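Just so you know, these numbers come straight off a predicted model, no measurement behind them.
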Amino acid sequence: MIVRTTDEITGTDRDVAAGHWRSKRIVLGGDKVGFSFHETTIEPGTVNEFHYANHVEAVWLVEGEGTLLDRETGIEYPLAPGTMYLLDGNERHTVTTRTRMRMLCVFNPPVVGTEVHDENGVYPLVAVPE
C-alpha cells in the first residue's frame, strides 16, 4: 500500500514547475503500478500548448475555468470543475485558463518524475528504472 500527501511532496523532486504550470507527482513509474498520478495547477490568464506524443493522459478538472482546444480538429471545449478529458490519440492541445486551474492527471505509460515539456510540449518517453 502507498499513502502520500501533497504536503509531503511539496518542495521535493516530485514537485516540478515550469512555465505556467506546476505538477505534484504523487505516483510515479518507480512505484510499479503501471500509471502515474499527478496534481497539476496552471496559472490564470495563460495559454499552454501540450502534446503527449508518448503518453495517454486523462485529466479531471477540480478547480478553475478555461478552454481546451484540440489542435488536430480545431474544436474548442469549455473547461470547468467536473470536466474530464482523455487524450487517447496523442492529440496536440492548448489549455487556456481564465482562472487558476487545478486538475488530477493520470499518465500511461507512467512518467518517472524528471520529465518536463520540450519545445513542442512533449514529455520524452523515459524508461522506468528497474
Check: Who pairs with S23 by side chain to side chain donor-acceptor pair (under 3.5 Å), at least two apart in sequence or on another chain?
Finding: R25, H38
Notebook entry, point to check: Hey, what do you get for NE2 (H93) to CD (E57), rounding to the nearest 0.5 Å?
Noted result: 5.5 Å
Next item on the list: Run the numbers on D15 and R22 for side-chain contact (heavy atoms from CB on, under 4.5 Å), then give the verdict.
Entry: CA-CA 7 Å; D15 185 3; R22 181 178 187 180; 2.5 Å; yes
Notebook entry, point to check: With under 30° as parallel and over 60° as perpendicular, where do the rings of H55 and Y52 fit, or are they tilted in between?
Noted result: perpendicular
Margin query: Within the 4.5 Å heavy-atom criterion, are Y85 and V95 side-chain neighbours or not?
Written below: yes
Check: Can you name the closest pair of heavy atoms from E8 and T12 and give their distance?
Finding: O-CG2, 3.4 Å
Item checked: Shared-cluster residues of V47, by chain and number - hydrophobic side chains joined below 4.5 Å -> none
Note to self: Please enumerate all residues that pass side chain to side chain donor-acceptor pair (under 3.5 Å) together with E65, with sequence neighbours excluded.
What the structure shows: none
Notebook entry, point to check: Can you list the steps and then say if V33 with V27 is a side-chain contact (heavy atoms from CB on, under 4.5 Å)?
Noted result: CA-CA 8 Å; V33 295; V27 175; 3.6 Å; yes
Next item on the list: With rounding to the nearest 0.5 Å, note down the distance linking CD in E63 to CG in L61.
Entry: 8.5 Å
Notebook entry, point to check: With sequence neighbours excluded, what pairs up with E39 under the salt bridge (Lys or Arg N to Asp or Glu O under 4.0 Å) test?
Noted result: R102
Notebook entry, point to check: Is a salt bridge present between R92 and E72, judged by a nitrogen-to-oxygen distance below 4.0 Å?
Noted result: yes
Check: Can T96 and L69 be said to form a side-chain contact (heavy atoms from CB on, under 4.5 Å), step by step?
Finding: CA-CA 8 Å; T96 302; L69 172 65; over 6 Å; no
Next item on the list: Taking the side chain as every heavy atom from C-beta outward, state whether E49 and H51 have any pair of such atoms under 4.5 Å apart.
Entry: no
Margin query: Let me confirm one number: the CD1-CZ distance from I26 to R4, rounded to the nearest 0.5 Å.
Written below: 9.0 Å
Note to self: Rounded to the nearest 0.5 Å, what separates atom CZ in F50 from atom CD1 in I42?
What the structure shows: 4.5 Å
Check: Under the salt bridge (Lys or Arg N to Asp or Glu O under 4.0 Å) rule, what pairs show up with a residue in residues 77-89, not counting sequence neighbours?
Finding: none
Hey, can you pull the donor-acceptor pairs under 3.5 Å for the side chains in residues 74-83, sequence neighbours left out?
residue, atom, partner, partner atom, Å
T83, OG1, A80, N, 3.2
T83, OG1, A80, O, 2.8

